[in-house]
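Everything below concerns the one structure shown next.
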Amino acid sequence: MALLTKDIEDRLIDLLVEEGLADKAALDDAVTESIKSNQPLFPLLINKDITDNETLTHLTAYVSGVPYVNLTSINLDQDTLDLIPFDIAQRTMAVPIAEVQNRLAVAMIDATNIQAVDYLTSLIKRPIRVFMASQESVSHVLDQYRTDLSSVDAAAEITTQEAQIQENRDVKTIVQDSPISKALTAILEYAVRAKASDIHIEPLEKALKIRARIDGVLREVMQLPKTIEPALISRIKIMSSLKIDEHRIPQDGEFVVRVGDKEVDLRIAISPVIWGEQVVIRLLDKSGNSFDLEDMGYAGRSLRTIRNGIKRPNGMILTSGPTGSGKSTSLYALVKEIKDESINIITLEDPVEYKMDGVNQIQVNEEAGLTFASGLRSILRLDPDVVLVGEIRDRETAGLAVQAALTGHLVLSTLHTNSAAGILPRLLDMDIEPFLLASTINTVIGQRLVRRVGERRNTVDSTPLETEEIISAVGELLPKTAADVAAVSEDLGYKDLPLVGQNAYTLVQGVETPRQPGGYKGRAGVYEVMEVSETIQKLIVARATSSEIQKAAVAEGMITMRQDGFLKVLNGLTTVEEVNRVTADMGS
């Protein structure tokens, strides 16, 4: 809501009572609580379900003498949306409604703020008529925006025409033309706004396919004519300082772009394929992660175990999972938890994905001889307390990491395995002695990423098959009686868990919109965090299999990734389909 004067606030409270829109006793209690706790009143009323934001917005508009509009069920056509560019609409939280007699009707959250209205007028350079709308209304319209990729089509058309006129034109000249630069900029802006992690530019026999990985799933964005391929890929090579005349071997590079107020690091991988050169661009948004363990999805027993692990002054904490499962992000979150002026934290990474103040970060450079193994040797001469090794890839690095843990350092690192328990046999395969592993490894984390259900959602009852899956996965964890709910929910770290043995459970399902494709928006981790207890140490020394170690860890209370996923399903964070997609190979 817009900032309100005391007079308007008092009038709104009176109107809520006069119109029978809120209970007077509940209002009085909320006003008292607001004063005592120094909290804003109206967010408090909404949080306590005394009223809702739409009602407050309508009454505010009435009291302020500003026309009101509710857009929560309105779908606007693209021509109307184009009246205000998306970046301006998002920045000012103002969306177009219609064009009437050379004036633009605009819905704003802050419609009573003269400076905000003047600022919007100066940005779009035309007279406007302002309506007041709730944040839900404006967000609903913002969901309908499509990122403008017309410049990509225009560049493709221009390049196609030029290719037809002069097939042998020098590529260097083509890539300097502005249409190609604009095309690449539009593709990158689309990916940043859609929060994509990767862009795939894939040559086909007669076309060039552009795909983006959004929330872990690849989606086709568009297909371009084959004629644009040399110009677009050469432009990427130039920006990445790569050789534009090299087409036979893979090349890696990087560059930085700024989209709005965000600075995004791009990692470029180019490889020759049958129909040309494939380009994969990884986007690392420097402002996109808080590195907070709770925000990432750690909860309950898993969160307590990991925090106990990082309190130890030495030993190893290892994370496991496939590429793109968030292992590095978990390590950064652990570094954030333990970062302090009194300790020296040094990292060795390939690449350094996020820059952190107060942490000494080293970039691996194999061409210059700086590998994980050689870098780790030099790090140990720099008096570190905590060492982060981006990945244990080989026997030498594994041996050095274990030696560092044995000599009084806390070592954080990652391996590529399917589960937490799979880390231990994997290190044994690297010829690390079992007794060394047993005495150095403190905590092991297995993880995957699931897509979060978006803010626009519906509740549904689980099907009989879903109910059976839920009970099979977490039935033994769920509370048995109403008296158990509070204690079990607190232990597992999820609110108000349902009782076991129900015929159906209340689940959530996202609504498909342009801003939450498939009904999802953002991702959360599903985790299993294993503490290396005395029992598990004995199993390591006996060279037990990963399944035997997993079984022992579960018997000691470890929540598996699949169980963590279904607990998140019951808390409305994700869906059964998502959990099955990422944990189908793990059993119950």
Side-chain angles (χ1 to χ4, degrees), residues 214-219 296-303 321-322 324-326 418-420 446-513 515-529 550-551 554 557-588:
I214 301 171
D215 294 334
V217 177
L218 275 173
R219 295 175 176 271
M296 290 161 55
Y298 285 98
R301 295 180 195 173
S302 297
L303 185 61
S325 61
N418 284 333
S419 65
Q447 64 184 83
R448 296 284 195 281
L449 291 176
V450 293
R451 290 179 290 174
R452 292 178 185 263
V453 176
E455 293 177 1
R456 299 194 60 208
R457 54 175 62 189
N458 299 317
T459 56
V460 295
D461 288 336
S462 59
T463 65
L465 180 59
E466 289 172 334
T467 303
E468 184 181 337
E469 283 188 281
I470 291 168
I471 292 174
S472 173
V474 294
E476 63 186 36
L477 299 175
L478 294 178
K480 308 296 186 292
T481 66
D484 299 331
V485 170
V488 171
S489 297
E490 183 179 358
D491 176 46
L492 298 178
Y494 295 97
K495 294 179 181 178
D496 301 325
L497 288 170
L499 299 178
V500 69
Q502 298 187 18
N503 293 326
Y505 293 93
T506 301
L507 309 179
V508 297
Q509 195 171 59
V511 177
E512 171 110 27
T513 71
R515 294 185 72 191
Q516 51 180 59
Y520 299 100
K521 188 172 183 181
R523 289 189 288 178
V526 291
Y527 304 97
E528 55 188 27
V529 182
Q550 178 91 354
K551 187 175 179 180
V554 170
M558 182 183 82
I559 305 297
T560 68
M561 276 186 267
R562 189 163 173 80
Q563 288 175 328
D564 189 38
F566 276 104
L567 291 172
K568 286 179 166 65
V569 168
L570 293 173
N571 253 233
L573 290 173
T574 188
T575 62
V576 172
E577 292 81 7
E578 266 299 282
V579 174
N580 283 333
R581 181 177 70 85
V582 302
T583 66
D585 60 330
M586 297 177 184
S588 59

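In what follows, residues are counted from 1 in the order of the sequence shown.
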Under 3.5 Å, side chain of Glu512 to main-chain N/O of Pro517, donor-acceptor pair present? no
Can you tell me how far OG of Ser462 sits from CD of Glu468, rounded to the nearest 0.5 angstrom? 11.0 Å
Please report the closest heavy-atom contact between Ser489 and Asp496, naming both atoms and the distance. OG-N, 3.5 Å
Mind listing the closest non-hydrogen atom pair of Gly493 and Ala299 along with its distance? O-CB, 3.6 Å
Any donor-acceptor pair under 3.5 Å linking the side-chain atoms of Asp564 with those of Tyr298? no
Within this structure, what is the CZ-CD distance for the pair Arg301 and Gln563, rounded to the nearest 0.5 Å? 8.5 Å
Option from Val474, Leu477, Asp491 for which side chain to side chain contact (heavy atoms under 4.5 Å, CB included) with Ile559 holds: Leu477
How close do Gly297 and Tyr527 get, counting heavy atoms only, and between which atoms? C-CE1, 3.6 Å
Between Glu466 and Tyr505, is any pair of side-chain heavy atoms under 4.5 Å apart? no
Any side-chain heavy-atom pair of Gln550 and Met558 under 4.5 Å: yes
In terms of heavy-atom contacts, does CD of Glu476 have more than 12 from other residues, nucleotides or ligands at under 6.0 Å? no
Measure the spacing between CD of Glu528 and CZ of Arg448 and express it to the nearest 0.5 Å. 8.5 Å
Between Gln447 and Ser325, is there a donor-acceptor pair closer than 3.5 Å when you use the side chain of the first and the backbone of the second? yes
Dump the intermediate steps for side-chain contact (heavy atoms from CB on, under 4.5 Å) on Val508 and Asn458, then the final yes or no. CA-CA 6 Å; Val508 297; Asn458 299 317; over 6 Å; no
Considering all heavy atoms of both residues, which atom of Leu499 and which atom of Ala482 are nearest to each other, and what is their separation? CD2-N, 3.8 Å
Scanning both residues in full, the closest heavy-atom pair of Leu497 with Pro479 reads O-CG, 3.7 Å
For the atom pair OG1 (Thr583) and CG (Asn418), what is the distance rounded to the nearest 0.5 Å? 12.0 Å
Non-hydrogen side-chain atoms of Leu507 and Val569 separated by less than 4.5 Å: yes
Measure the shortest side-chain to side-chain distance between Glu469 and Asn580 over non-hydrogen atoms and say whether it is less than 4.5 angstrom. yes
For Val529 and Ser302, work out which heavy atoms get closest and say how close. CG2-CB, 3.6 Å
Taking the side chain as every heavy atom from C-beta outward, state whether Leu573 and Val453 have any pair of such atoms under 4.5 Å apart. no
Those residues that, when tested against Arg219, pass side-chain hydrogen bond (donor to acceptor under 3.5 Å, both in side chains) (two or more places apart): none
Min side-chain heavy-atom separation Lys480-Val488 under 4.5 Å: no
Check: Val450 and Arg523 side chains under 4.5 Å, non-hydrogen atoms: no
In plain terms, say whether Lys521 and Asp215 are close enough for a salt bridge, that is, a side-chain N and a carboxylate O under 4.0 Å apart. no
When rounded to the nearest 0.5 angstrom, what distance separates CG in Leu567 from OG1 in Thr574? 12.5 Å
side-chain contact (heavy atoms from CB on, under 4.5 Å) with Lys495: which residues, sequence neighbours excluded? Asn571
So CZ of Phe566 and CE of Met561: to nearest 0.5 Å the spacing works out to 14.0 Å
Got Val526 and Lys568 here, is their nearest side-chain heavy-atom distance under 4.5 Å? yes
